[in-house]
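Single-structure report; data block below.
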Amino acid sequence: MHVVVSGGTGFLGAPLVRALLAGGDTVTVLTREPSRAGRMFEGRVATATADNLPDRFDAVVGLAGENIGRRWSRAVLQRLRESRVGPTRLLREAAEQRGAQVLVSASGVDWYAPGADHELDENAPPGNGFLARLCHDWEQAASSSRLRSVALRLGMVLGRGGALARMLPFFRWGLGGPLGNGRQFVSWIHLQDAVSLILWALRNAAVRGALNATAPEPVTSREFARTLGRVLRRPAFLPVPGFALRLLYGGFGKVLLESRRVVPRAATAQGFEFGFMRLEQALREILVG
Ligand SMILES: NC(=O)c1ccc[n+]([C@@H]2O[C@H](COP(=O)([O-])OP(=O)(O)OC[C@H]3O[C@@H](n4cnc5c(N)ncnc54)[C@H](OP(=O)(O)O)[C@@H]3O)[C@@H](O)[C@H]2O)c1
């Protein structure tokens, strides 16, 4: 299969590209920096920019987008949108024109309205905050009547890098702890499972529409901190006050305090098997090996 991967240089994209290559697929990485991408994969991938996509390909995975985990200024909000909605629409149109069969496009669990502690599956209602609206428009841009389209509603992806790398220094110094009152649910997925889920969605013709990409057992922020502390053998009790998060990250700080207990109903109902069901198991693999 010839797969075009946008964002193939990223935290999730790079291991996906390596897994596709290992499985014998042909990969074109759609990137803003083709020479860097070429070096990254030692010349084993073709590279393209948005205006010189290959004439034919079979599948597309859309993972590009400005990083969300930072202070949201007005300019950042604009870049978060502009790096996702328009480029995804163009990618979907190119895929339709070139006869591709499937488009798997990233979205996020922030699509859902935050809830207290009830489980949110793919039928749960949408939210209406900035990220929820962005995810909605992003998914709309990827949706098609001419090819199979899958919207991957990702939780926090845990691996060596990403969000975990940003919190680790605090936890290693014994300064980590729950966010706010710690009662909000955090939906997470191990990087290896996120990659496997994308490969499964690409190859499984029955999978279409919204697909929660989260481990079956989301945890509260308090439980997350406690588990990370246990794995690192460090105390992890110091709560990060909500006002500090809002001060530091603006709108993103508010999102960190919202609860979304998202469960992967569609994936498990269709037979996908997670390698990492429990948070402690996932964190041990990443941090202890
Ligand atoms: N990681 C998570 O926990 C998580 C959770 C929920 C949703 N997601 C979504 O899943 C996708 C992949 O996540 P990730 O963590 O792998 O992302 P990432 O590493 O932060 O970025 C992926 C790629 O996006 C491209 N990119 C970055 N800024 C851009 C900009 N301003 N304009 C256009 N392209 C830009 C870069 O590719 P080039 O430099 O090669 O162009 C980068 O390698 C993202 O869209 C993200 O929002 C991730």
Side-chain angles (χ1 to χ4, degrees), residues 4-19 27-41 45-53 60-70 72-73 75-91 103-112 127 130-132 134-139 141-142 150-167 186-195 197-198 201 210-215 218 224 252 255-256 258 260 262 264 282 286:
V4 171
V5 183
S6 82
T9 57
F11 172 58
L12 179 50
L16 173 70
V17 168
R18 294 201 176 92
V27 180
T28 297
V29 173
L30 174 57
T31 172
R32 296 165 302 168
E33 290 184 69
S35 54
R36 183 173 64 101
R39 282 196 304 278
M40 208 168 157
F41 300 106
V45 298
T47 54
T49 53
D51 46 16
N52 71 351
L53 282 168
V60 186
V61 182
L63 298 174
E66 168 107 2
N67 198 286
I68 285 172
R70 59 178 56 191
W72 288 357
S73 63
V76 167
L77 292 181
Q78 197 176 339
R79 288 205 301 274
L80 294 181
R81 262 193 93 77
E82 284 176 354
S83 60
R84 288 179 169 78
V85 182
T88 300
R89 187 179 314 111
L90 292 177
L91 199 55
L103 162 63
V104 177
S105 177
S107 173
V109 293
D110 306 285
W111 187 93
Y112 298 106
F130 169 80
L131 267 192
L134 172 56
C135 288
H136 172 271
D137 296 350
W138 194 7
E139 292 188 13
V150 180
L152 202 65
R153 294 184 181 154
L154 286 153
M156 178 171 52
V157 181
L158 297 179
R160 295 176 189 94
L164 188 59
R166 287 198 290 272
M167 27 176 133
V186 180
S187 300
W188 60 275
I189 184 169
H190 191 293
L191 180 59
Q192 284 178 27
D193 278 336
V195 168
L197 193 64
I198 295 173
L211 184 67
N212 289 344
T214 59
F224 188 94
F252 180 61
V255 171
L256 292 172
E258 291 173 349
R260 289 184 181 81
V262 177
I286 296 163

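Owing to the predicted nature of the structure, the values given are computational and were not obtained by experimental measurement. Computation of the quantities below employed the complete heavy-atom set of this structure, encompassing side-chain atoms and omitting hydrogens, waters and symmetry-equivalent molecules. Numbering of ligands and ligand atoms starts at 1, following listing order.
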Original post:
How does Glu82 reach ligand 1, if at all, at less than 4.0 Å between non-hydrogen atoms: by side chain, backbone, both, or neither?
Top reply: neither
**OP:** Indicate, as side chain, backbone, both or neither, the part of Ser107 found under 4.0 angstrom from ligand 1 when only non-hydrogen atoms are considered.
**Re:** backbone
Subject >> Thr49 side chain to Asp51 side chain, donor-acceptor N/O pair below 3.5 angstrom >> reply: yes
**OP:** For Ala64, take its heavy atoms, then give the atoms of ligand 1 lying under 4.0 Å from any of them.
**Re:** 24 (O), 45 (O)
Original post:
Looking only at distance, does Trp138 have an N or O less than 3.5 Å from an N or O of ligand 1?
Top reply: no
Original post:
For Val157 and ligand 1, does the shortest N/O to N/O distance drop below 3.5 Å?
Top reply: yes
Original post:
Using a heavy-atom cut-off of under 4.0 Å, does the side chain or the backbone of Glu33 touch ligand 1, or both, or neither?
Top reply: neither
**OP:** Just jot down the ligand 1 atoms closer than 4.0 angstrom to any heavy atom of Ser83, in number order.
**Re:** 30 (C), 31 (N), 32 (N), 33 (C)
Original post:
What is the closest protein heavy atom to atom 16 (O) of ligand 1, and at what distance does it sit?
Top reply: Leu12 N, 2.8 Å
Original post:
Tell me: protein heavy atom nearest atom 42 (C) of ligand 1, and distance?
Top reply: Thr9 OG1, 3.8 Å
Original post:
Under 3.5 Å between some N or O of ligand 1 and some N or O of Leu154?
Top reply: no
Original post:
Does the cation-pi check pass for Arg70 over Phe252, that is, NZ or CZ under 6.0 Å from the six-membered ring centre and within 45° of its axis?
Top reply: no
**OP:** Specify the protein heavy atom at minimum distance from atom 31 (N) of ligand 1: its residue, its atom name, and the distance to 0.1 Å.
**Re:** Glu66 OE1, 2.8 Å
**OP:** Answer yes or no: does an N/O atom from Ile68 fall short of 3.5 Å to an N/O atom of ligand 1?
**Re:** no
Original post:
Are any of the N or O atoms of Phe11 closer than 3.5 Å to those of ligand 1?
Top reply: yes
Original post:
Where the closest heavy atom to atom 20 (O) of ligand 1 is concerned, which of Asp110, Leu152, Asn67, Leu158 has it?
Top reply: Asn67
Original post:
For atom 36 (C) of ligand 1, which candidate among Arg84, Arg32, Met40 holds the nearest heavy atom?
Top reply: Arg32
Subject >> Mode of Trp188 contact toward ligand 1 - side chain, backbone, both, neither (heavy atoms, under 4.0 Å) >> reply: neither
